[in-house]
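The chains referred to below are lettered A, B, ... by the order of the sequence lines, with proteins before strands, and numbering in each begins at 1.
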2 protein chains.
Amino acid sequence: MTITEIAELAGVSKKTVSRYFNHAELLSAETRAKVEAVIADTGFVPNAQARALALQRNFLAALIHDNSDRGVFELVEAGMTEALEGSELALVLQPLPPGDAAARLRSFLDRLRPAGVVLLPPLSEREDLADICAQAQIRCVRLGRVRGENGLACDDRSAMATLVTWLVRIGHSRIGLVGGPESSLTAQQRELGYLDAMADHGLDRGPSLIVSGDNTFESGISAGRLLLEVSPRPTAIVACNDEMANGVLHAAAQAGVSVPGELSVVGFDDTALAARTLPPLTSMHVPWTAIAREAVARIMSGTPQTQTAGGFETDLIIRDSVAPAVTT
Amino acid sequence: MTITEIAELAGVSKKTVSRYFNHAELLSAETRAKVEAVIADTGFVPNAQARALALQRNFLAALIHDNSDRGVFELVEAGMTEALEGSELALVLQPLPPGDAAARLRSFLDRLRPAGVVLLPPLSEREDLADICAQAQIRCVRLGRVRGENGLACDDRSAMATLVTWLVRIGHSRIGLVGGPESSLTAQQRELGYLDAMADHGLDRGPSLIVSGDNTFESGISAGRLLLEVSPRPTAIVACNDEMANGVLHAAAQAGVSVPGELSVVGFDDTALAARTLPPLTSMHVPWTAIAREAVARIMSGTPQTQTAGGFETDLIIRDSVAPAVTT
DNA sequence: TTGTATGCGTTATCAG
DNA sequence: CTGATAACGCATACAA
């Protein structure tokens, strides 16, 4: 079943049928109705491979990641899937190895020619990758990157400040931070937010209270151990993602420190993990799913390069890993 | 840069260059060398869209799932990615809604025409979906399904029996089971394995010790609550997947039952979650990643329908959620 | 507003 | 073993 047969059945030319799919608005209502009837009748679906060849572009949306934050990946994947639902685009996954991410991305784009690409942090922060997309003329959306052409993110800095301020309000003053990788802008923003809030309340934000991890569970454990040995011991620790916060939970358990009794722990992102830890993790919700939906919308709409529109709202999700500090 | 230019540079015809990529063995060593030189020189890569159109098949491997077991999904995705690395195939994701999975799969295959498809349980158990793949002439591998043409799985039944036998050996005799969905063959096999082992040791396997969940965390919590009220209380609970086992951990925490002191908990699959729960979960490792690699190998090799080859070995991973039972 | 001719880059047929 | 020519199914000038 090809466009040609449809054209014959409808008594029009191939091109008219082609137009029906691509520029329906250019057809007279009458012609459109004729074509539409035949298509509905036959259940015809144009061949995607042929379209891809002619358009030099595949009906794919790619999610490019580096496997470094599984929780965020999951949320973004869910959002993209949702937004892609019912569209003609399918979702392709492409992890990029730490070594030659650029080369791999280039060859991926060369081969697949997806309609668009979503870059997850921390890859989204790399200009070289964005440039490669631009060169290949492929729309790209950079998640977790506020400034710049194709960024899409929430305000990590003020979200973190809000979180820390809340901890202060409920009585905490010794608050440790498990930071993300130094190279990550997102992590930097979150750390700045912490510093903002600590400064605002005139609290100690000395280097001993800040330990950097690399967003993994294991680094969360190490960081947790370190922070638990600081004296006087922090009454609260906030981690830059849930995975590391869970690591802190484990470190506390190993050290025999009860959570939230003796220590409050807070995560960030509100990934699926947050509700599943023991105790369930209080975490700052980042609307990754909504962000991903918007990213897909941008890819599909063809809007070449929009600036960040409204900004996405974060939301503190309170679970059981935090308790008011006992004022001593 | 097209096949035509390469042909000119090498002083041969288009078709010869095409043959170099598809049936290199049909070329004379001399001709092959000429073509190879030019290709190496120019770094030419044939256009995938054009090939897709001519071959009626895209360079994609699809992972079809229903979002019901995120842990297994992750492992399989990792295995596929690994196996796909360096090949010309890319990984596409396609969730199928519970409602009209069949129709959605059909239209997906129609549009994408992937080289092959991997069906995750419980979708892999549905004959109608396998039939749709067969109709569309698309290779399909059904994960977690031992018998039949395209199945690829380990022996869930004996793995579970091994697990339960181990619990008995270290002193447990009241052992509860959190089963998977009744409709799932995999879950049935695991439940049978439990029954096998309990019968072998002449232990009570009455219905009060068996509660069915649906593989979700939440159902694990409910099942855990139920089992903790059985009298006499089980000293161990094994769940048919890690997600539910984590639910049991939460139920125990809420009931003030200490793990592993008063209750041992065991998971199944050994997903990423198992190492992250508190306490870390003893779990039966199912080599999903290796299974996924083999699935991709089948898709690429074109072997139409192999039977299960060697069988994949499971392996008990001992962590902290189990302790020997205090003999009373 | 609609149709004609041509191109997209590759593979397959069938002849030499 | 190799090469001319016709598909593959759709989209885009350009003309009508």
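Between A:Arg19 and A:Glu25 there is no salt bridge, since no side-chain nitrogen of the basic residue lies less than 4.0 Å from a carboxylate oxygen of the acidic one. Checked for salt-bridge contact, B:Arg145 and B:Glu127 meet the test: a charged N lies under 4.0 Å from a carboxylate O. The pair A:Glu85-B:Arg104 counts as a salt bridge, with a side-chain nitrogen and a carboxylate oxygen less than 4.0 angstrom apart. Salt-bridge formation is detected for the pair A:Glu88/A:Arg51: a Lys NZ or Arg NE/NH1/NH2 atom is positioned less than 4.0 Å from an Asp or Glu carboxylate oxygen.
Rounded to an integer number of Å, the gap from CZ of A:Arg32 to P of C:dT1 is 10 Å. For the pair A:Phe21 CZ and D:dA11 P, the computed distance is 8 Å after rounding to whole Å. Atom P of nucleotide C:dT10 and atom CD of A:Gln56 are separated by 11 Å, given to the nearest angstrom. Put simply, CD on A:Gln49 is 14 Å from P on C:dT11, counting in whole angstrom units. Between the CZ atom of A:Arg111 and the C1' atom of C:dG9 there is a distance of 17 Å, given to the nearest Å. Counting to the nearest Å, the P atom of D:dG9 and the CG atom of B:Asn58 are 14 Å from each other. Rounded to whole Å, atom P of D:dG9 lies 17 Å from atom CG of B:Asn47. If you measure from atom CD1 of B:Ile6 to atom P of C:dT11, you get 13 Å, rounded to the nearest angstrom.
Between the side chain of B:Thr314 and the backbone N or O of B:Val286, no donor-acceptor pair lies under 3.5 Å. No donor-acceptor distance shorter than 3.5 angstrom exists from the side chain of B:Arg142 to the backbone of B:Gly151, with no hydrogens or angles considered.
At least one side-chain heavy atom of A:Pro122 sits less than 4.5 Å from a side-chain heavy atom of A:Asp66.
Picking from C:dG9, D:dC10, C:dT10 the nucleotide with the shortest atom distance to the side chain of B:Lys14 gives C:dT10.
An OP1 or OP2 oxygen of D:dC10 is reached within less than 4.0 angstrom by no side-chain nitrogen or oxygen of A:Arg51. Distances shown here put every side-chain N or O of B:Thr2 at or beyond 4.0 Å from the OP1 or OP2 atom of C:dG9. Between D:dC1 and B:Ser28, no contact under 4.0 Å exists linking OP1 or OP2 to a side-chain N or O. Side-chain N/O atoms of B:Ser13 include none lying less than 4.0 angstrom from OP1 or OP2 on D:dA4.
Contact annotation for A:Phe44: backbone-only contact, meaning every heavy-atom pair under 4.0 Å involves sugar-phosphate atoms and none involves a base. Using a 4.0 Å heavy-atom criterion, one finds that B:Val17 contacts no nucleic acid atom at all.
Of the two residues near DNA chain D, B:Glu30 and B:Leu53, the one whose nearest nucleotide lies more 5' is B:Glu30.
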Between the protein and nucleotides 12-16 of chain C, are there any N/O to N/O pairs under 3.5 Å, and if so, what are the atom names and distances?
| unit_1 | atom_1 | unit_2 | atom_2 | d |
| --- | --- | --- | --- | --- |
| C:dA12 | N7 | B:Lys15 | NZ | 2.8 |

